[in-house]
Amino acid sequence: YLFPAGAPPDPGSAPAASAASPPRALGPPPLGPVSPAPRAESGRPSAAAGPEECSVPADTVLAPLREALAACRPTVQKQVCDDIGRRLTVLEDAWVQGKLSAPVRKRMSLLVQELQQQHWDTADEIHRSLMVDHVNEVSQWLVGVKRLIAETRSLPAAE
């Protein structure tokens, strides 16, 4: 009764069958239908290309986030800041290791631009779209970015 109908009771064959059956939460990187056909040549995700395929280095996104975090430290609880900092490190590691898809990297760079221009609502909307469209990819660290947007927004305006 441990095996589905038709499955051989040979334990050696069970992992092979399950490994071959998509969809898995974290499978191989998407190849074709992610971007529209005309741009398929330039936007082909591959581990070798790393962050360059979106042409945004991790630091372009991480540096402004860390600056925002530094600006929050005087007024925001230490443990909140430390948690945000840990989540930014998780984001950075994923980015540097090429674990983030091009759409996620692209949206994060847009989010940071909005944050730098103090367009809080737009930054928040980008954060929400990431949460909805790429939850498996972003769930570990996006909470920290969301909190950072909220805390930065409530800082005394430095105009």
Side-chain angles (χ1 to χ4, degrees), residues 18-19 21-40 42-159:
S18 65
S21 61
R24 303 295 294 185
L26 293 171
L31 292 173
V34 172
S35 59
R39 292 185 322 192
S42 63
R44 192 174 293 134
S46 79
E52 296 315 314
E53 82 211 43
C54 171
S55 73
V56 179
D59 208 43
T60 306
V61 168
L62 269 302
L65 290 174
R66 292 219 159 89
E67 284 167 30
L69 178 57
C72 291
R73 283 206 184 268
T75 54
V76 180
Q77 286 181 336
K78 182 185 187 307
Q79 71 189 58
V80 172
C81 292
D82 290 350
D83 181 62
I84 293 171
R86 274 193 301 276
R87 291 177 189 277
L88 292 182
T89 302
V90 173
L91 163 60
E92 182 175 35
D93 291 347
W95 193 300
V96 169
Q97 293 165 18
K99 291 180 180 172
L100 298 182
S101 63
V104 169
R105 292 196 305 271
K106 193 173 183 64
R107 280 196 219 173
M108 276 308 296
S109 71
L110 288 172
L111 187 151
V112 165
Q113 289 168 26
E114 298 299 342
L115 197 62
Q116 289 174 304
Q117 295 167 33
Q118 300 185 357
H119 297 161
W120 314 120
D121 293 335
T122 313
D124 213 36
E125 272 174 42
I126 296 170
H127 141 266
R128 273 199 298 276
S129 75
L130 277 164
M131 207 61 191
V132 170
D133 298 342
H134 303 280
V135 67
N136 289 338
E137 228 173 313
V138 305
S139 60
Q140 295 287 303
W141 48 265
L142 195 59
V143 179
V145 174
K146 174 191 172 150
R147 186 72 190 258
L148 191 55
I149 294 169
E151 296 296 351
T152 310
R153 174 184 224 157
S154 63
L155 286 175
E159 287 180 21

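The first residue of the sequence shown is numbered 1, and numbering continues consecutively from there. Computed from a predicted model, the values in this text were never measured in an experiment.
The side-chain heavy atoms of Thr122 and Leu110, taken from C-beta on, include no pair separated by under 4.5 Å. Looking at Leu100 and Met108, their side chains never come closer than 4.5 Å, going by heavy atoms from C-beta outward. Between Met131 and Leu142, the closest side-chain pair of non-hydrogen atoms falls below 4.5 Å. Looking at heavy atoms from C-beta onward, Asp82 lies in side-chain contact with Arg73 at the 4.5 angstrom threshold. Side-chain contact between Val112 and Thr60 is absent, with no heavy-atom pair separated by less than 4.5 Å.
Rounded to the nearest 0.5 angstrom, Glu67 CD and Leu148 CG are separated by 11.0 Å. Going from atom OG1 of Thr89 over to atom CD of Gln140 covers 13.0 Å, rounded to the nearest 0.5 Å. In this structure, CG in Asp124 is found 10.5 Å from OG in Ser129, a value given to the nearest 0.5 Å. Interatomic distance, CZ of Arg66 versus CG of Asp59, reported as 8.0 Å (0.5 Å rounding). Rounding to the nearest 0.5 angstrom, the gap separating the NE2 atom in His119 from the CG atom in Leu111 is 12.5 Å. Between atom CD1 of residue Ile149 and atom NE2 of residue His127 there is a gap of 6.5 Å, rounded to the nearest 0.5 Å.
A distance-only check finds no donor-acceptor pair linking the side chain of Glu92 to the backbone of Leu62 [under 3.5 Å].
Sparse packing is recorded around CD of Gln79, with 12 or fewer heavy atoms of other residues, nucleotides or ligands lying under 6.0 Å away. Within a 6.0 Å radius of CD in Gln116, other residues, nucleotides and ligands contribute more than 12 heavy atoms.
With respect to Asp83 and Arg87, a salt bridge is recorded, a charged nitrogen being found less than 4.0 Å from a carboxylate O.
Pairs of residues two or more places apart, or lying in two chains, that qualify as side chain to side chain donor-acceptor pair (under 3.5 Å) and include a residue from residues 142-152 are Arg147-Glu151.
Counting all heavy atoms, side chain and backbone alike, Pro64 lies closest to Val61 at CD-O, 3.3 Å. When all heavy atoms of Trp95 and Pro57 are compared, the pair lying nearest together is NE1-C, 3.9 Å.
Tested against Cys72 for a side chain to side chain contact (heavy atoms under 4.5 Å, CB included), the candidates Val80, Ile84, Leu155 yield a single pass: Leu155.
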Test side-chain contact (heavy atoms from CB on, under 4.5 Å) on Leu88 and Val145; report intermediate values, then the result.
CA-CA 8 Å; Leu88 292 182; Val145 174; 4.3 Å; yes
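Legend: residues meeting salt bridge (Lys or Arg N to Asp or Glu O under 4.0 Å) with Asp133, ordered by chain and number and at least two apart, are Arg107.
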